[in-house]
Amino acid sequence: DAKTTQPPSMDCAEGRAANLPCNHSTISGNEYVYWYRQIHSQGPQYIIHGLKNNETNEMASLIITEDRKSSTLILPHATLRDTAVYYCIAYNNNDMRFGAGTRLTVKP
Amino acid sequence: GAVVSQHPSRVICKSGTSVKIECRSLDFQATTMFWYRQFPKQSLMLMATSNEGSKATYEQGVEKDKFLINHASLTLSTLTVTSAHPEDSSFYICSAREGDSGNTIYFGEGSWLTVV
């Protein structure tokens with residue numbers, strides 16, 4: 001079973017920041033938090049991952065709480081192309097399992 | 001980012017035949033590869049994990065004799081669906097990781113299998 005819980009769906013206005021939460025209260029100390037997204041009928045696209053520190057790349061920012069029990073993926077300026085299912089995964093070594101994810105709909 | 005390629009992207013086969021799906025890491029050596037199956041409107045379900053040169057580790061409920069996984073090189077893993085049935089029709093996705101945990105895992109584009 002997945003070790004993360006996410007809201008099933010969220011809406012965001014185009015141009016605004018999209019903040020996608022993820023709870024991983026049972027994450028162990030050596031597990032990373034990974035974020036992927038999947039657009040219909042395609043393989044998941046890597047977004048970002050982190051262990052303890054906040055991370056930022058050209059796609060998004062990842063904010064991990066100090067106790068590591070939750071995290072937030074931030075898409076700073078959402079576009080219509082960001083509409084997808086977003087998956088948060090707690091992972092270490094041979095066990096990358098997907099939960100149901102959050103279906104983000106970016107609206108004009 | 002790194003590229004993982006799957007082939008074929010779509011395949012139709014007759015019931016009772018076998019079909020092979022390839023997963024290649026194009027610009028890195030994949031020590032670990034994962035295979036998933038995804039039914040419409042559902043999440044990805046992990047089928048098996050394979051480490052190069054070792055036998056794959058299958059998830060509970062996945063028949064290892066039906067879904068043959070080979071990871072003979074650091075850039076190629078194959079999934080063979082044997083004696084395919086219509087209920088095996090699904091979207092099959094692979095992913096690959098270079099080196100140790102903490103390294104990014106990249107996914108292929110997926111392969112649609114339709115068994116008629």
Side-chain angles (χ1 to χ4, degrees), chain A residues 1-9 20 22 27-53 55-60 62 64 68 73 84-105, chain B residues 1-7 9-10 21 23-25 28 31-52 54-62 71 90-113:
Chain A
D1 291 339
K3 298 178 181 178
T4 61
T5 56
Q6 300 175 251
S9 64
L20 291 89
C22 179
I27 194 170
S28 56
N30 57 357
E31 286 184 316
Y32 289 77
V33 179
Y34 276 78
W35 282 85
Y36 290 85
R37 71 182 182 185
Q38 187 179 29
I39 298 170
H40 182 62
S41 300
Q42 297 181 22
Q45 178 189 21
Y46 168 78
I47 301 173
I48 199 167
H49 75 285
L51 184 63
K52 295 180 183 179
N53 300 322
E55 303 287 345
T56 296
N57 62 20
E58 64 278 5
M59 288 184 68
L62 173 61
I64 303 174
R68 298 206 333 120
L73 178 74
V85 178
Y86 287 76
Y87 295 100
C88 166
I89 302 164
Y91 169 76
N92 178 43
N93 220 4
N94 293 333
D95 205 31
M96 177 162 273
R97 300 174 188 277
F98 284 71
T102 296
R103 180 172 296 278
L104 174 69
T105 303
Chain B
V3 178
V4 175
S5 178
Q6 283 184 240
H7 178 80
S9 57
R10 292 182 178 273
I21 300 170
C23 177
R24 294 182 184 273
S25 56
F28 67 98
T31 51
T32 304
M33 286 185 166
F34 306 87
W35 285 95
Y36 297 83
R37 180 168 53 181
Q38 185 176 32
F39 293 109
K41 298 188 178 181
Q42 295 185 22
S43 185
L44 286 75
M45 185 192 79
L46 180 65
M47 299 176 68
T49 302
S50 70
N51 293 300
E52 186 267 338
S54 303
K55 289 185 178 180
T57 301
Y58 288 80
E59 294 297 301
Q60 191 173 8
V62 178
H71 190 173
S90 186
F91 190 48
Y92 291 87
I93 309 167
C94 73
S95 65
R97 184 190 76 202
E98 180 181 27
D100 298 330
S101 61
N103 289 338
T104 302
I105 297 170
Y106 294 97
F107 284 77
E109 316 95 319
S111 299
W112 284 99
L113 169 63

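Just so you know, these numbers use all the heavy atoms, side chains as well, and skip hydrogens, waters and symmetry mates. Every chain is numbered from 1 and lettered A, B, ... according to where its sequence line falls, protein lines coming before strand lines. Owing to the predicted nature of the structure, the values given are computational and were not obtained by experimental measurement.
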Asker: Please check if the number of heavy atoms outside R103(A) that lie under 6.0 Å from its CZ is greater than 12.
Answerer: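 Not more than 12 within 6.0 Å, no.
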
Asker: Do you know which two heavy atoms are closest between Y87(A) and Q42(B), and how far apart they sit?
Answerer: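 Smallest interatomic distance, heavy atoms only, reads OH-O, 4.4 Å.
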
Asker: Using side chain to side chain contact (heavy atoms under 4.5 Å, CB included), reason through Q38(A) and I93(B) one step at a time and then give a plain yes or no.
Answerer: CA-CA 12 Å; Q38(A) 187 179 29; I93(B) 309 167; 3.9 Å; yes

Asker: Tell me the closest heavy-atom pair linking A100(A) and S43(B), and the distance in Å.
Answerer: CA-CB, 4.3 Å

Asker: Could you state the interatomic distance from CD1 (I48(A)) to OG1 (T104(B)), rounded to the nearest 0.5 Å?
Answerer: 10.0 Å

Asker: Y36(A) and Y36(B): aromatic ring centres closer than 6.0 Å?
Answerer: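 Centroid distance Y36(A)-Y36(B): not below 6.0 Å, so no.
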
Asker: Below 4.5 Å from any heavy atom of chain A, which atoms of Q6(B) appear? Answer side chain, backbone, both or neither.
Answerer: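 Neither part.
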
Asker: On a heavy-atom basis, which atom in I105(B) and which in Y34(A) lie closest, and how many Å separate them?
Answerer: N-CE2, 4.0 Å

Asker: F107(B) and P44(A): which non-hydrogen atoms are nearest, and at how many Å?
Answerer: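 It is CB-O, 3.3 Å.
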
Asker: Distance check, rounded to the nearest 0.5 Å: F34(B) atom CZ versus Y91(A) atom OH?
Answerer: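 Reported to 0.5 Å precision, the distance equals 3.5 Å.
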
Asker: What verdict does the side chain to side chain contact (heavy atoms under 4.5 Å, CB included) test give for M96(A) and R97(B), after you've listed the backbone C-alpha separation in whole Å, the side-chain angles of each residue and the deciding distance to 0.1 Å?
Answerer: CA-CA 11 Å; M96(A) 177 162 273; R97(B) 184 190 76 202; over 6 Å; no

